[in-house]
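Read through the structure below, which is laid out as structure tokens, and then see the notes.
Basis for what follows: all heavy atoms, side chains included, without hydrogens, waters or symmetry-related copies.
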Amino acid sequence: MNILSIILFLIVIIGVALYAFFRSRRVNKNSASGYFMGGHSLTGFAVASTIIMTNLSTEQLVGQNGQSFVAGMEVMAWEVTAAVAVVLLCWVFLPKYLKYGISTISEFIEMRYDVFTKRLVSLLFIFTYIVSFLPVVLYSGSLVFNQLFNVSEFLNVGDNTAVIIIAAVIGAVGILYLFIGGLSLSAYSDTLYGIGLIFGGLIVTILALKYLGDGSYLHGFDHIVKETPEKLNAWGAIDSTIVPWPTLMFGMFFNNLFFWCTNQMIVQKALAAKSLKEAQKGAIYLSIFKIFGALFLVLPGIIAFNIFNGDVGSTADNAYPMLINTILPEWAFGIFGAIIFGAILSSFVGALNSTVTLFSLDFYKSFINKKASDRRLAVVGRITTIIVGVIVVILAPVISLFPSGLYAVVQQFNGIYSLPVLILVVVGFFAKKTSKLGAKVTFITHIVLYTSANLLLSDVHYLYILSVLFFIDLAVLLIFNKLYPSNEFDLSRDFSKVDMTPWKYRYVAGIAVLAVVVASYIIFSPLGVAA
């Protein structure tokens, strides 16, 4: 970065922070609802933006383009098929969640099962966020930021030192964001960063195509179609290590349902909407982004393969950084750097906010101090923000000691609870009678089978394993609900805290999104451009 780039970087970062601060001033952050849920004030666009930015960070931008450099459009499954789950979030999950007036997923599980299962689920979420997601977002984000913008060279320090400095700065800014403004401040900043990321990402793809086509975008795409048509096939082989095509309808679908419909750090942002209508709008906007997100999360890797003739050094993850350094003009590094900084910051703040919410509402309020006032909960939330934030900032550099092992182990750990949580929620929506014992047995059964499968079937793709385990877990819970029911619930009860009038275009918009998903898989197949 030169001086102009640094000035532009600071202007964007400070400008976004000031915009978000003034927009969020009308929300009372001294109440639990204001601090944790943004005072239920978010519009559809804000909901979509903050979910996008919580989910999307640099490890995806670099990692997925690195995968597509090797495997091609098959990688788009992680983005495009997610749109199906998000449409179901709009149609099924949000009306239920908002009707019951919950703030956390575990709160609904307590409503339908029992306190023990609620605290177990909440604890698993908190553990995953603190040990896995938050440190990895900080460390990998800082690593990529340094790789893209040569911070170590600018500061005249080693790469490891630069990464630690970047992680500490982002962590400190994130803690300050959440401490001052809670969810609303980060949501409003995400609105701008989301716009910047979409346009910035698409501009990178356009410039890369133009570079490949010697000044012509069409010639660039034509080059890919003629020279590497196999890279444009989104249907992975049955034994693919990325996404085998049979898992698209089963394992991948179930994995997406968990992540987009029952994962606290995602769903919480939609629950902060001012009404069901705005929450559903946000979900549809999000689903549209997931489809077209492949244009800058997957396609640049294929373009890089063609530009660099398949050679980007020791790892395919070099593809995106090399592409950026090849096509972007020097002055643009400051603006793009600010967008990437915002992506890391947003993911960190989004997950930190959910961690703090789970602890404050599911443990402090319901276990430690049942008589805590609204104001007291907001104070506890701020204290927890600092404590958890500092722990994560300290943990982040430790990831460097386990460049792949620790992350891989913890990601496998996520599989221990993802399907049971999804099944408990879905069954809880529709079954009048549920079983506390069944909830526990479902968890135990899943853990035993999942662990055994990972040990005995290590060569089988985990999405195949999830495809089978979902139906086994579901059968176990339904059998116990039938034989040993312990709770009966009136499904018509309404505890809503916001206007429950649905968005009248939700079905038309959702069907259109599903049609585009199907069309995308036809276009990127041997029947289309991969012929």
Given the rule in the salt bridge (charged side-chain N to carboxylate O under 4.0 Å, His left out) test, do K290 and E79 qualify, once you have shown the distances and angles that lead to the verdict? CA-CA 5 Å; K290 294 308 293 181; E79 298 303 314; 2.6 Å; yes

Check each of T104, N263, T357, T54 against Q268 using the side chain to side chain donor-acceptor pair (under 3.5 Å) test, and report the only one that passes. T357

Aromatic plane relationship, F258 with Y417 - under 30° parallel, 30 to 60° tilted, over 60° perpendicular: perpendicular

Sub-4.5 Å side-chain heavy-atom contact between Y464 and P246: yes

Is the ring centre of F471 less than 6.0 Å from the ring centre of F254? yes

Indicate yes or no for a side-chain donor-acceptor contact from R112 to the backbone of A431 under 3.5 Å, with no hydrogens or angles considered. yes

Indicate the ring-plane relationship of F93 and F429, choosing parallel, tilted or perpendicular according to the 30° and 60° boundaries. perpendicular

Checking Q264 side chain against S103 main chain: does a donor-acceptor pair fall under 3.5 Å? yes

For R119 and F116, indicate whether the former's side chain and the latter's backbone hold a donor-acceptor pair under 3.5 Å. no

Taking M265's backbone N and O only, do any of them form a donor-acceptor pair with K269's side chain (distance below 3.5 Å, no angle check)? yes

Name the orientation class of the two ring planes belonging to Y484 and F480 (parallel below 30°, tilted from 30 to 60°, perpendicular beyond 60°). tilted

Any idea how W235 and Y521 line up, ring-wise: parallel (<30°), tilted (30 to 60°), or perpendicular (>60°)? perpendicular

Side chain to side chain donor-acceptor pair (under 3.5 Å) partner of T50, the single match among N353, D190, T191: D190

When you compare the side chain of N256 with that of V84, does any pair of heavy atoms fall below 4.5 Å? no

Decide salt bridge (charged side-chain N to carboxylate O under 4.0 Å, His left out) for K440 and D114; before the verdict, give the C-alpha distance in whole Å, the side-chain angles of both, and the deciding distance to 0.1 Å. CA-CA 10 Å; K440 298 175 183 64; D114 64 346; 2.5 Å; yes

Checking the side chain of N481 only, and the main-chain atoms of T434 only, is there a donor and an acceptor separated by less than 3.5 Å? no

Is the backbone N or O of G251 less than 3.5 Å from a side-chain atom of S467, with the two atoms forming a donor-acceptor pair by type? yes

Once you measure the plane-to-plane angle for Y129 and F125, does it fall in the parallel (<30°), tilted (30-60°) or perpendicular (>60°) bin? parallel

I'd like to know if the side chain of K99 and the backbone of L491 have a donor-acceptor N/O pair within less than 3.5 Å. yes

So does V75 get a backbone contact from the side chain of S68, meaning a donor-acceptor N/O pair under 3.5 Å? no

Examine the side chains of D362 and S122 and answer whether a donor and an acceptor come within less than 3.5 Å of each other. yes

